[in-house]
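Notes for the one structure printed next.
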Amino acid sequence: MSLASDVVSFYLENKRDLPWRREPTPYRVYVSEIMLQQTRIEAVIPYFERFMKAFPTLNDLAQADEDTCLKLWEGLGYYSRIRNLHKSARIVAEKGGGKLPDTYEELIRLPGIGEYTAKAILAFAFHKPYVPVDGNLMRLYARLEEDKTPPSTQKGGKNSLFTKTGDYFLKRLDGDSSSYGQGLMELGERVCIPDTAPHCEICPLKAYCKAFKDHKTLLYPSPKEKPEKKSEERTVLVFYKGGKYFIRKREEKGLLASLYGFCDLEGKKDQNEIGEILKEKNLKVSSVKKLCSYKHVFTHRIWNVSAYLVSLEGEFTEDGIWADKESMLDKYSFPSAYRKILEKLV
Ligand code: SF4
């Protein structure tokens, strides 16, 4: 027996009956892997079944219009996933006659396919010798080898937990890469579970596991490295005229994409500096009043916001919308980064 054969036996006896596993063609594996990014398996199942009914082949997907694809994706979130999937389908339909390529180099060039997805397609559908690495595998490896390297959001170099995990499991691959890779994932999801005591009593890898032997399973993996948050000063100007406030839709890409906001300036400006800026723009202003100051914490950054209400008298030619209090609350979507300002205004 070997680690790989123990994993495969466990998988064959315990695997869940998931729709993409019933007929694991490259296209179905590809769609399922894209849907499963940042989404739970239970939530994905009905979407996957609807999607396959609408687009049974990659060529069907390639021929669909983007709005139909987006509608089928509605509620799954992270819409760049479906846009990229659709783009890739068109590329593959045009260049490959509807057949997904079976090499890493070709797959990784398609929009939205990263290292993990490319390896998952190659291992799960083409049975090629690859092992896709995710958080489940990193946790398994850290406990098997008592490796204290903290999981990083960055993949890192050869000493990162990500690389060491990939090397460890690839070296032990022996036989069917599809059952092996999916078996490792199942073990991580259902047996070697995170944040609590793993179910070692039913684990087929006990004999290989250093943390189990040393009764130290809860010490691994080490806590995640938290990226340092970048602090930014922002000055927000809320223009006001005739009972309405000036708002505008943010860019389609980037932070707070497509949500509504006010006019932002980088840096912290005081009332004199704001006065100068407004003067340069030839704006006729009756008053500039401080509304509030607050800190808003995002995942990777912090905004220190100073907000001002600028009452206008004359013309204002920027692109945007003049909205009253009611419509700001009911009609337009504002991110929580502006909630304090809205509370002040309404
Ligand atoms: Fe994880 Fe326990 Fe199995 Fe070790 S024995 S891999 S800690 S479940």
Side-chain angles (χ1 to χ4, degrees), residues 1-18 20-21 24 32-33 36-44 115-117 119-120 122-124 127-226:
M1 294 297 270
S2 63
L3 182 139
S5 62
D6 287 332
V7 171
V8 171
S9 307
F10 167 85
Y11 177 68
L12 296 177
E13 280 165 31
N14 297 285
K15 66 176 177 180
R16 282 169 288 180
D17 177 30
L18 301 172
W20 46 91
R21 285 184 178 161
S32 68
E33 287 299 333
L36 286 165
Q37 288 167 8
Q38 282 132 334
T39 313
R40 287 176 307 108
I41 289 179
E42 297 70 29
V44 164
E115 180 177 344
Y116 173 86
T117 309
K119 288 184 176 176
L122 291 166
F124 303 165
H127 301 263
K128 293 211 166 188
Y130 286 92
V131 179
V133 172
D134 70 353
N136 288 309
L137 269 73
M138 287 198 267
R139 182 170 60 257
L140 264 177
Y141 160 75
R143 287 172 173 165
L144 283 163
E145 282 297 292
E146 289 191 334
D147 192 322
K148 278 199 181 306
T149 312
S152 166
T153 41
Q154 304 296 318
K155 284 180 182 159
K158 69 178 169 46
N159 289 322
S160 68
L161 192 65
F162 177 84
T163 304
K164 287 194 276 182
T165 300
D167 292 346
Y168 178 89
F169 287 118
L170 188 61
K171 210 166 144 189
R172 285 158 181 80
L173 166 61
D174 165 25
D176 178 22
S177 59
S178 176
S179 298
Y180 178 62
Q182 293 184 84
L184 289 169
M185 304 242 163
E186 288 265 355
L187 274 172
E189 279 166 18
R190 298 167 65 194
V191 179
C192 197
I193 50 177
D195 306 324
T196 181
H199 304 307
C200 301
E201 64 289 354
I202 55 160
C203 180
L205 303 186
K206 276 199 291 269
Y208 312 91
C209 184
K210 293 181 183 167
F212 172 71
K213 278 183 208 148
D214 294 340
H215 306 283
K216 288 184 178 168
T217 54
L218 286 175
L219 297 185
Y220 300 91
S222 297
K224 255 191 195 154
E225 273 175 349
K226 290 212 174 103

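Fair warning: this is a prediction, and the values are worked out from it, not measured in the lab. All ligand and atom numbering here is 1-based and tracks the order in the structure.
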Problem - Set of ring-ring contact (aromatic ring centres under 6.0 Å, His included) partners for Tyr141, sequence neighbours left out - result: Tyr168

Practice task
For the pair Arg143 (side chain) and Thr217 (backbone), establish whether a donor and an acceptor sit closer than 3.5 Å, ignoring hydrogens and angles.
Solution key: yes

Completion exercise
Taken by chain and residue number, the protein N/O/S atoms under 2.8 Å from atom 2 (Fe) of ligand 1 read Cys200 SG

Exercise for the section: Look at the side chain of Arg190 and the backbone N and O of Asn14, then say whether any donor-acceptor pair between them is shorter than 3.5 Å. Expected result: yes

Exercise for the section: Taking atom types as modelled, find out whether Ser178 and Asp176 have a side-chain donor-acceptor pair closer than 3.5 angstrom. Expected result: no

Exercise for the section: With salt bridge (Lys or Arg N to Asp or Glu O under 4.0 Å) as the test, would you mind laying out the steps for Lys171 and Glu145 before giving the verdict? Expected result: CA-CA 14 Å; Lys171 210 166 144 189; Glu145 282 297 292; over 6 Å; no

Exercise for the section: Look only at the side chain of Thr39 and the backbone of Gln37, and say whether a donor-acceptor pair between them is shorter than 3.5 Å. Expected result: yes

